[in-house]
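The structure under discussion appears below in the form of structure tokens.
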Amino acid sequence: MEAQKPNPTQPAKANAKNNSGSNVAGIKNAFLVILACFVVAIVLFIFWFGHESHFEEGHPIDLWGTIYKGGFIVPILQTLFLTVIVLSVERWIALSSAKGKGSIQKFVAGVKKCLAAGNIQGAKDLCKNQKGSVAAVVAAALVSYEEMDKNTVLTKEQKVANLQKTVEEATALEMPALQQNLPIVATLTTLGTLVGLLGTVMGMIKSFQALAASGAPDSTELSTGISEALINTAFGIATGAFAVISYNFYTNKIDNLTYAIDEIGYSIVQTFTATH
């Protein structure tokens with residue numbers, strides 16, 4: 001029988017399998033979040049904003065009644081606004097778990113110090129204590145580092161290539177979990193504004209219809225149309241603004257995590273190259 005030839009890619013694949021499950025917490029199905037927010041928005045619109053205590057002879061006497069006069073677009077805008085809030089909180093929890101325990105900067109500095117001293121086990125212990133996405137990538141790279149260190153079959157170039165591939169694969173496995181639900185938040189930055197604009201246009205149409213009525217303008221219809229226009233404008237702007245702030249904030253946090261992963265991955269590869 002022929003002896004099985006060593007496959008240079010086997011160590012990297014093995015490490016990828018060992019780290020295939022990201023430990024980043026988060027909501028996997030955003031549709032359920034949107035559905036739950038829609039139910040909450042409908043309940044608020046009917047039973048709170050539309051409650052008779054907020055009206056007198058059919059006219060709103062407070063802010064809640066005025067919001068109710070915004071029309072059927074209001075629950076849709078409320079759904080979008082609540083979705084942004086829920087997904088923003090979800091991303092905060094998810095990225096906090098991805099960051100791990102303690103400062104990322106201190107963790108990176110500690111791992112680099114261990115690598116400089118040749119203390120691979122010390123670096124692995126730091127990963128166990130830190131946890132999170134950065135630590136997961138570093139742990140996978142350190143396992144590959146030890147495997148390549150003991151390997152006597154592959155050339156130095158092949159070992160370095162395997163080590164780099166392990167870092168890239170481990171990073172690729174973590175990135176989807178970090179960016180999850182952010183595309184929805186990005187979509188809501190535009191969608192919230194557009195839906196608010198739609199409500200504004202519909203409210204203005206009602207206002208002009210009241211002005212165009214024969215005889216004296218119907219002040220009730222005119223005020224209703226203006227209320228609908230302004231309420232929908234306010235909700236649309238609030239949704240879009242909050243979504244933009246949330247998206248940019250969490251994108252920046254993900255970039256910082258990615259920079260840390262790139263920095264430590266580069267250090268591991270360079271250390272291996274310099275010592276072998």
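For the numbers below, each heavy atom of this structure counts, side chains included, while hydrogens, waters and symmetry mates do not. The model shown is predicted, which means the values in this text are computed figures rather than measured ones.
- Summarising the geometry, atom CD1 belonging to Ile237 is positioned 7.5 Å from atom OG1 belonging to Thr200; distances are rounded to the nearest 0.5 Å.
- Here the straight-line distance linking atom CG of Asn248 with atom CG of Asp255 works out to 10.5 Å at 0.5 Å rounding.
- For the atom pair NZ (Lys124) and CG (Asn129), the distance works out to 13.5 Å, reported to the nearest 0.5 Å.
- Checked against side chain to side chain donor-acceptor pair (under 3.5 Å), Asp149 has the following partners two or more places apart in sequence or in another chain: His276.
- Gln105 approaches Ser103 most closely through the heavy-atom pair OE1-OG, 3.1 Å.
- The backbone N or O of Gly70 sits less than 3.5 Å from a side-chain atom of Asn232, completing a donor-acceptor pair.
- Asn162 and Gln158 share no side-chain donor-acceptor pair at under 3.5 Å.
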Please set out all donor-acceptor pairs under 3.5 angstrom arising from side-chain atoms of residues 49-56, sequence neighbours excluded.
unit_1, atom_1, unit_2, atom_2, d
His51, ND1, Ser53, N, 3.1
His51, ND1, Ser53, OG, 2.8
His54, ND1, Asp62, OD2, 2.8
His54, NE2, Trp48, O, 2.9

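- Side chain of Thr193 to main chain of Thr189: a donor-acceptor pair is present (N/O by atom type, distance under 3.5 Å, no hydrogens or angles).
- Of the possible polar contacts, none joining the Lys112 side chain to the Ile264 backbone as a donor-acceptor pair under 3.5 Å is found.
- Ile261 CD1 to Asn256 CG: the interatomic distance, rounded to the nearest 0.5 Å, is 11.5 Å.
- The main-chain N or O of Lys99 is found under 3.5 Å from a side-chain atom of Gln130 such that the two form a donor-acceptor pair.
- No side-chain donor-acceptor contact under 3.5 Å links Ser246 to the backbone of Phe242.
- Hydrophobic clustering (ILVMFWY, side-chain heavy atoms < 4.5 Å, transitive): Tyr259 and Val138 are in distinct clusters.
- Distance CD1/Ile34 to OG1/Thr79: 9.0 Å, rounded to 0.5 Å.
- No side-chain donor-acceptor contact under 3.5 Å links Arg91 to the backbone of Val86.
- The two atoms that bring Ala141 and Ile268 nearest to each other are CB-CD1, 3.7 Å, heavy atoms only.
- For Tyr250 (side chain) and Ser88 (main-chain N/O), a donor-acceptor pair under 3.5 Å exists by modelled atom type.
- Side-chain contact between Met202 and Phe72 is present, with heavy atoms from C-beta onward closer than 4.5 Å.
- When every heavy atom of Ile184 is checked against every heavy atom of Ala30, the shortest pair comes out as CD1-CB, 3.1 Å.
- Under the 4.5 Å side-chain criterion, counting only non-hydrogen atoms from C-beta, Ile254 is in contact with Met175.
- Contact check for Ile67 versus Phe235: side-chain heavy atoms found under the 4.5 Å cut-off.
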Ile93 and Ser97: side-chain contact (heavy atoms from CB on, under 4.5 Å), yes or no, with the steps?
CA-CA 6 Å; Ile93 297 172; Ser97 69; 5.8 Å; no
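- Residues Leu126 and Gly110 share a closest heavy-atom pair of CD1-C, 3.5 Å.
- There is no path of hydrophobic side-chain contacts, each under 4.5 Å, that joins Leu32 to Val89.
- The main-chain N or O of Asn151 is found under 3.5 Å from a side-chain atom of Lys159 such that the two form a donor-acceptor pair.
- Cluster annotation: Phe249 is connected to Leu188 through the hydrophobic network of ILVMFWY side chains, with a link wherever side-chain heavy atoms come within less than 4.5 Å.
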| Taking it one step at a time, do Lys156 and Thr273 satisfy side-chain contact (heavy atoms from CB on, under 4.5 Å)? | CA-CA 8 Å; Lys156 179 179 179 180; Thr273 303; 4.1 Å; yes
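- Residue pairs satisfying the salt bridge (charged side-chain N to carboxylate O under 4.0 Å, His left out) criterion with at least one member in residues 36-50, sequence neighbours excluded, are absent.
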Review point. Taking it one step at a time, do Leu154 and Met148 satisfy side-chain contact (heavy atoms from CB on, under 4.5 Å)?
Key: CA-CA 8 Å; Leu154 303 178; Met148 295 300 100; 4.1 Å; yes
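- Here the side chain of Glu174 pairs no donor or acceptor atom with the backbone of Val134 at under 3.5 angstrom.
- With Ile120 as the fixed residue, the side-chain contact (heavy atoms from CB on, under 4.5 Å) test singles out one of Leu142, Val143, Asp125: Leu142.
- Linking Ile, Leu, Val, Met, Phe, Trp and Tyr whenever their side-chain heavy atoms come within less than 4.5 Å leaves Ile205 and Leu230 in two separate clusters.
- In this structure, the side chains of Phe272 and Val160 come closer than 4.5 Å at one or more pairs of heavy atoms.
- Leu44 CG to Trp64 CH2: the interatomic distance, rounded to the nearest 0.5 Å, is 9.0 Å.
- Looking at Leu257 and Leu178, their side chains come closer than 4.5 Å, going by heavy atoms from C-beta outward.
- Both Val195 and Ile85 belong to a single network of hydrophobic side chains, linked directly or stepwise wherever heavy atoms of I, L, V, M, F, W or Y lie under 4.5 Å apart.
- Heavy-atom minimum distance, Thr239 versus Gly192: CG2-CA, 4.0 Å.
- Across all their heavy atoms, Thr66 and Pro60 have their closest contact at N-CB, 3.5 Å.
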